[in-house]
Novice: 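What follows is a single structure, and I will ask about it in a moment.
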There are 2 protein chains.
Amino acid sequence: MNDKELRKVGLKATTPRIKILQFLAEAQHHHVSAEDVYKALSEAGEDVGLATVYRVLTQFQEAGLVERHYFESGHSVFEIKQDQHHDHFVCLKCGTVEEFVDPVIEARQLDVAREYGFDMTDHSLNIYGVCKACKA
Amino acid sequence: MNDKELRKVGLKATTPRIKILQFLAEAQHHHVSAEDVYKALSEAGEDVGLATVYRVLTQFQEAGLVERHYFESGHSVFEIKQDQHHDHFVCLKCGTVEEFVDPVIEARQLDVAREYGFDMTDHSLNIYGVCKACKA
DNA sequence: CTAGTTGCAAATCATTTGCACTTGC
DNA sequence: GCAAGTGCAAATGATTTGCAACTAG
């Protein structure tokens, strides 16, 4: 049950929240749009409004349960927050998103920010191109 | 005159296009939104419609004259394409965008992409935080 | 001349908000 | 019971598009 996890971050354990959190955790492709969540729940017979999906996702984001990313093309996707930070490969052919982490890049970012007198609170690195599957 | 530059990329040298290109080239802060362009031209007495600004900016982007970036917060900015690629610091307080280049990061990105069997066509790295000026 | 371009208004799209109603605790 | 949460419909803000009038080559 996700009930506890929700209360832990100060949110009432309501049906929509539980369903959405569950869906995010089980989603095969981690990165989903609000619309994706809405459609999936609707198809599963859950009667959750799109506005609620947006509200809940925003609350989850504020609570640190999910991250929101804005990829080129202007619309955003959400993913359950993982233990470790990571960056993304975005395939321009099939739209797939793959995750990766590179310690060298992570470290340099901090250094560069410091050099410029910038307090880094967050960062996002997206590599766009063609994934292995699409090249085949 | 920008006339030649426009024709070179296959676009008729019309007044709106010339004005917009000129504005982008002279803009003090390189990164401007479509709205910024529209307002600046209006204030300068140029009668260019917002729809035209969007159309022209998109054409410029396709022609490789400008780049479009989508920063977190969901709205995009345009900048005249520079000789060199660069990444961005985005100040969450004042919205300012600063540019930087780090060879170490650039090189690692290529390596990482290769390791994952990914053909990189483009990438974007944005560091979010508080800039020097806002900390003061 | 005439295909490409423009301005304006109306149309979209993603996301947000107002409000009367419902539900967790 | 009551504040917090929800659904729906209407509002928003950014961007796009239809179309009749205009202009560069």
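Residue numbers begin at 1 in each chain, while the letters A, B, ... track the order of the sequences.
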Novice: Calculate the interatomic distance between B:Tyr38 atom OH and D:dG13 atom P; express it in whole Å.
Specialist: 16 Å
Novice: Taking the minimum atom-to-atom distance to the side chain of A:Arg68, which one of C:dG7, D:dG7, C:dT16 wins?
Specialist: C:dT16
Novice: Which residues pass the salt bridge (Lys or Arg N to Asp or Glu O under 4.0 Å) test with A:Asp119, sequence neighbours left out?
Specialist: B:Lys135
Novice: Could you please spell out the steps behind the side chain to side chain contact (heavy atoms under 4.5 Å, CB included) verdict for B:Ile127 and A:Tyr116?
Specialist: CA-CA 11 Å; B:Ile127 296 187; A:Tyr116 281 74; over 6 Å; no
Novice: Donor-acceptor pair, distance only, cut-off 3.5 Å: does the side chain of B:Arg68 make one with the backbone of B:Ser76?
Specialist: no
Novice: Given atom CG of B:Leu6 and atom C1' of C:dT5, what is their separation to the nearest angstrom?
Specialist: 13 Å
Novice: Rounded to whole angstroms, how far apart are CZ on B:Phe60 and P on C:dT5?
Specialist: 11 Å
Novice: Report the distance from atom CD of A:Glu62 to atom P of D:dG5, rounded to the nearest whole Å.
Specialist: 12 Å
Novice: What's the shortest heavy-atom distance between B:Gly64 and B:Lys81, and which atoms?
Specialist: O-CD, 3.3 Å
Novice: Polar atom pairs between nucleotides 10-13 of chain C and protein, under 3.5 Å, N or O only, would you list them?
Specialist:
none

Novice: B:His31: what forms a ring pair (Phe, Tyr, Trp, His ring centres under 6.0 Å) with it, not counting sequence neighbours?
Specialist: B:His88
Novice: Considering non-hydrogen atoms only, spot the tightest contact between B:Cys91 and B:Cys131 and give its length.
Specialist: SG-N, 3.4 Å
Novice: What string of B, S and - do you get for nucleotides 18-25 of chain D, 5' to 3', when a contact is any protein heavy atom under 4.0 Å?
Specialist: B-----BS
Novice: Do you know which of A:Ile18, A:Ile80, A:Val37 makes side chain to side chain contact (heavy atoms under 4.5 Å, CB included) with A:Phe23?
Specialist: A:Val37
Novice: Can you tell me how far C1' of C:dC8 sits from CG of B:Leu50, to the nearest Å?
Specialist: 11 Å
Novice: Please determine whether a side-chain nitrogen or oxygen atom of A:Ser33 lies at a distance below 4.0 Å from atom OP1 or OP2 of C:dA14.
Specialist: no
Novice: Please determine whether a side-chain nitrogen or oxygen atom of A:Tyr54 lies at a distance below 4.0 Å from atom OP1 or OP2 of C:dT15.
Specialist: yes
Novice: Name each donor-acceptor pair under 3.5 Å that joins a side chain in residues 42-57 of chain A to protein atoms two or more places apart or in another chain, with its distance.
Specialist:
from	atom 1	to	atom 2	distance (Å)
A:Ser42	OG	A:Tyr38	O	2.9

Novice: A:Asp47 CG to D:dG5 C1': how many Å, rounded?
Specialist: 15 Å
Novice: Just wondering, do A:Glu5 and A:Leu65 contact through their side chains at under 4.5 Å, heavy atoms?
Specialist: yes
Novice: Between atom NZ in B:Lys19 and atom P in C:dG7, what is the gap in whole Å?
Specialist: 13 Å
Novice: Which residue, B:Glu106, B:Glu67, B:Glu98, B:Glu79, forms the side-chain hydrogen bond (donor to acceptor under 3.5 Å, both in side chains) with B:His86?
Specialist: B:Glu79
Novice: Specify the angle, to 10°, made by the local axes at the two ends of the helix from C:dC1-D:dG25 to C:dC25-D:dG1 when five pairs are taken at each end.
Specialist: 30°
Novice: Looking only at side-chain N and O atoms, does B:Ser76 come under 4.0 Å of OP1 or OP2 in D:dT15?
Specialist: yes
Novice: Which atoms form the tightest heavy-atom contact between A:Val90 and B:Phe118, and what is the distance?
Specialist: O-CZ, 3.5 Å
Novice: Rounding to a whole Å, what distance do you find between A:Ile18:CD1 and C:dT23:P?
Specialist: 14 Å
